[in-house]
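Numbers restart at 1 for each chain; the letters A, B, ... are given by sequence-line order, proteins then strands. Predicted, not measured: the structure shown is a model, and the values here were computed from it.
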Amino acid sequence: MTVITRFAPSPTGFLHIGGARTALFSWLYARRHGGRFVLRIEDTDLERSTPEAINAILEGMSWLGLDYDDGPFYQTHRFDRYKEVLDQMLADGTAYRCYCSRERLDALRAGQIEAKVKARYDGRCRDLDAPPTGDDVSDQPVIRFRQPREGHTVVHDQVKGNVVFDNHELDDLIIARGDGTPTYNFVVVVDDMDMKVSHVIRGDDHLNNSARQSNILQALGVEPPVYAHVPMILDEEGKKLSKRTGAANVMEFRDAGYLPEAMINYLVRLGWAHGDQEIFSLDEMVELFDVADINHSASSINPSKLDWLNQHYIKTLPVAYVARHLAWHLGAIGLDPAAEGAPDIETLVQAQAERSRTLVEMAQNSRFFYEAPQSYDEKAGRKHLCGAEDTLEALYHALSLVEHWTAESAHQAVLGVAEEHDLKLGKVAQPLRVAVAGGPVSPPIDITLALLGRDATLSRIKSAIAWAKAQVEA
RNA sequence: GCUCCCAUCGUCUAGCGGUUAGGACGCUGCCCUCUCAAGGCGGAAACCGGGGUUCAAGUCCCCGUGGGAGCACCA
């Protein structure tokens, strides 16, 4: 049997982190077993589905690198097929028309909630011979699935184990609306059947649906797929993820400076583990992933661990690759990585990698390589610039004599000044750092100077001296 | 309310009857150091409660408790 998994989002919003993880698990499972991964857009809700959302989902998948073998299929393109199955079910009696008006249904539900029993359809139209008449009858009948009333249905779930439902708990759900359009629980079943989906990996909020879907499949004479219901992802407070409680949209993570590799690695470890291993390449994940190792309980998102992973990938992925991503973020904050006099971006990445948890942080902390500081960090300026005029003059002199401008030669020049003035290196490097970077933080001073180039270095030292003198007068 | 799912450090997790309950993030002490980091070596930190089963229970069973999901002409 070939393994076929699917990711079936409804296009009513962006690709959120929970969806991304289910997609990843499904993708990994298919890859692991040499199977196929299909993407299906569940857009039967005409009112809420939007083309923007479809694009957002596709964009998210592509950013994460989750490619699909088949699709995207759109359910709205398959209405003829659904109609066909519906007719067949009506004909063989596994489905029936229900004429109850919405008003009657609403009243029924309200009464059941009042009586503290599970809200469900009472089956009034289940065994009708002819359409009824009366005030509470709709002229646009819906179609309901005739759920077995006896016995029980067991969902053989790969992560939860066997979950048993009494059939009388399941109600006769609506599979086609009054306007004839099919509903979710029905189209899912038809699609999974037609697309020969072998393994359904989805959020455990669908666990209750699986019994109903199994029964529809059975009515259609088809074996249900293997189910694996993965637990939810919660926010930092352990609450359900929402737009309010932090970034749930995967594209927001890109914008916040995370690499897709970090995101994928983070996601795979949320609810899944392989012993103590934390870092997984894509190949390793494909090799090791198994639904049997998926956790049973919900997990909270842990942003600082994502940060750690992101920095790990910033430090270990090929420099040219990271540089490409950094360039994008530099552009996003108005810096031109290709500008005249701009630092070599790969060297920059190497210099900043170990002090950047995100690419946004790296871009922001690299601003001074592209623009002279507009002002000095107040505390750092006072502490390291004021009173350091002589040191800065000496540095200016020594550095202006450097012939081949490299980290090594800059280092020698700075070291020379320190020895000459009988100062510890810190006493020389720190004023210099503030002068060129505008603040107390930068990569090692020699690398910073090399990246900056001679002209920028010298002119910034000059500005800093002028500033320090002006402070004395003021 | 009814049905279903879940429960190990703050967080992500390992554990699959016998462990000093392990790792990771974060926090923290020390070292290194031109800043910030990164790195190295340490530390604090957990089996929700109660009953069983068993020679032995974080591990199996039951009951509580606490979370979560579902109960739509949404998906």
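No side-chain donor-acceptor contact under 3.5 Å links A/Q147 and A/Y121. With hydrogens and angles left out, the side-chain atoms of A/H156 and A/N162 include a donor and acceptor closer than 3.5 Å.
Here the separation of B/rG49 from B/rG66, taken at their C1' atoms, is 10 Å to the nearest Å. Separating the C1' atom of B/rA75 from that of B/rG39 is a span of 49 Å, rounded to the nearest Å. Taking atom C1' in both B/rC71 and B/rC12, the straight-line distance is 32 Å, to the nearest Å. The same atom, C1', is picked in B/rA14 and in B/rC9; the two are 13 Å apart, to the nearest Å. Rounded to the nearest Å, the gap between the P atom of B/rC25 and that of B/rC62 is 38 Å. A distance of about 38 Å separates the P atoms of B/rA56 and B/rG42, rounded to the whole Å. If you take atom P in B/rA21 and the same atom in B/rG26, they sit 26 Å apart, rounded to whole Å. Only the C1' atoms considered, B/rC61 is 31 Å distant from B/rG23, to the nearest whole Å.
Taking for each of A/D276 and A/H411 the nucleotide of RNA chain B with the nearest heavy atom, the 5'-most of the two is the partner of A/D276. When each of A/S299 and A/A429 is assigned the nucleotide of RNA chain B bearing its nearest heavy atom, the one mapping closer to the 5' terminus is A/S299.
Look at A/T44 and you'll find a side-chain N or O under 4.0 angstrom from OP1 or OP2 of B/rA75. The side chain of A/K424 places no N or O atom within less than 4.0 Å of a non-bridging phosphate oxygen (OP1 or OP2) of B/rU33. Remark: A/R97 is not in phosphate contact with B/rC73, judged by side-chain N or O atoms under 4.0 Å from OP1 or OP2. An OP1 or OP2 oxygen of B/rA72 is reached within less than 4.0 angstrom by a side-chain nitrogen or oxygen of A/R109.
Set against B/rC4, B/rC34, B/rC74, the side chain of A/L207 has B/rC4 as its closest nucleotide. With B/rC4, B/rA75, B/rC34 as the choices, the nucleotide that has an atom nearest any side-chain atom of A/D45 turns out to be B/rA75. For A/D446, the side-chain atoms get nearest to B/rC34 when compared with the rest of B/rA24, B/rC6, B/rC34. For A/Q311, the listed nucleotide lying nearest its side chain is B/rA38; candidates were B/rA7, B/rA38, B/rC73. The side chain of A/I445 sits closest to B/rC34 out of B/rC12, B/rC34, B/rC73. Nearest to the side chain of A/E169, among B/rU3, B/rU35, B/rC5, sits B/rU3. In this structure, the nucleotide among B/rU35, B/rG26, B/rA38 sitting nearest to the side chain of A/S304 is B/rG26. Side-chain atoms of A/I174 lie closest to B/rC73 of the nucleotides B/rC12, B/rU35, B/rC73.
Other residues, nucleotides and ligands place more than 12 heavy atoms under 6.0 Å from the NE2 atom of A/H421. In A/R357, the CZ atom is not crowded: 12 or fewer heavy atoms of neighbouring residues, nucleotides or ligands sit closer than 6.0 Å.
A/I113 comes within contact range of no nucleotide atom at all, as no heavy-atom separation falls under 4.0 Å. Across all strands, A/G178 comes closer than 4.0 Å to base atoms (heavy-atom distances). As judged by a 4.0 angstrom heavy-atom cut-off over every strand, A/G271 is placed among residues touching the sugar-phosphate backbone only. Here A/N365 lies out of heavy-atom contact (under 4.0 Å) with every strand. At the heavy-atom level, A/H274 lies nowhere under 4.0 Å from the strands shown. Using a 4.0 Å heavy-atom distance criterion, A/V142 is classed as a base contact. No engagement by A/T12 is indicated, since no non-hydrogen atom pair under 4.0 Å with the nucleic acid exists. Using a 4.0 Å heavy-atom distance criterion, A/P443 is classed as a base contact. Residue A/R120 is classed as having no contact, given no heavy-atom separation below 4.0 Å to the nucleic acid. A/N209 comes within 4.0 angstrom of a nucleotide base, judged by non-hydrogen atoms across all strands. Looking at heavy-atom distances under 4.0 Å, A/E42 makes contact with sugar-phosphate atoms alone, never a base.
Taking the six-membered ring for Trp and the full ring otherwise, the centers of A/F289 and A/F25 sit less than 6.0 Å from each other. Aromatic rings of A/W467 and A/Y376 (six-membered ring for Trp) have centroids within the 6.0 Å cut-off, being under it. Checked against the 6.0 Å centroid criterion, the rings of A/H206 and A/Y184 qualify as a close aromatic pair.
Atom CE of A/M232 and atom C1' of B/rC4 are 13 Å apart (whole Å). Look at CG on A/N265: it is 17 Å from P on B/rC12, rounded to the nearest Å. Taking atom CD of residue A/E419 and atom C1' of nucleotide B/rC34, one finds them 14 Å apart after rounding to whole Å. For the pair A/N208 CG and B/rG68 C1', the computed distance is 12 Å after rounding to whole Å. Remark: P of B/rA69 and NE2 of A/H229 are 15 Å apart, rounded to the nearest angstrom. B/rC71 atom P lies 14 Å from atom CD of A/Q112, rounded to whole Å. Put simply, OH on A/Y82 is 11 Å from P on B/rA75, counting in whole angstrom units. Summarising the geometry, the separation between CD1 on A/I279 and P on B/rU13 is reported as 16 Å, rounded to the nearest angstrom.
Pairing of B/rC30, defined by two Watson-Crick or G-U wobble distances under 3.5 Å, is identified with B/rG40. Using Watson-Crick or G-U wobble geometry with both donor-acceptor distances under 3.5 Å, B/rU54 finds no partner in any strand shown. In this structure, B/rA45 forms no base pair with any nucleotide, since neither Watson-Crick nor G-U wobble geometry is met with both distances under 3.5 Å. With both pairing distances under 3.5 Å, B/rU35 is matched to nothing as a Watson-Crick or G-U wobble pair. Partner assigned to B/rG1 is B/rC71, using Watson-Crick or G-U wobble distances below 3.5 angstrom. Searching all strands for a Watson-Crick or G-U wobble partner of B/rU65 with both distances below 3.5 Å returns B/rA7.
You'll find a donor-acceptor pair under 3.5 Å spanning the side chain of A/K305 and the base of B/rC12, going by distance alone. For a distance-only test at 3.5 Å, the side chain of A/E278 qualifies as a donor-acceptor partner of the base of B/rG23. A donor and an acceptor atom sit less than 3.5 Å apart, one in the side chain of A/R355 and one in the base of B/rC36.
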- Task: Determine, step by step, whether A/N185 and A/T183 satisfy the side chain to side chain donor-acceptor pair (under 3.5 Å) criterion, reporting the C-alpha distance in whole Å, the side-chain angles of both residues, the deciding distance to 0.1 Å, and the verdict.
- Result: CA-CA 6 Å; A/N185 277 295; A/T183 62; over 6 Å; no

- Item | side chain to side chain donor-acceptor pair (under 3.5 Å) between A/Q412 and A/E408, worked out | CA-CA 6 Å; A/Q412 289 309 323; A/E408 178 56 22; 3.0 Å; yes

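With rounding to the nearest 0.5 angstrom, the CG atom of A/N167 is 8.5 Å from the CD atom of A/E150.
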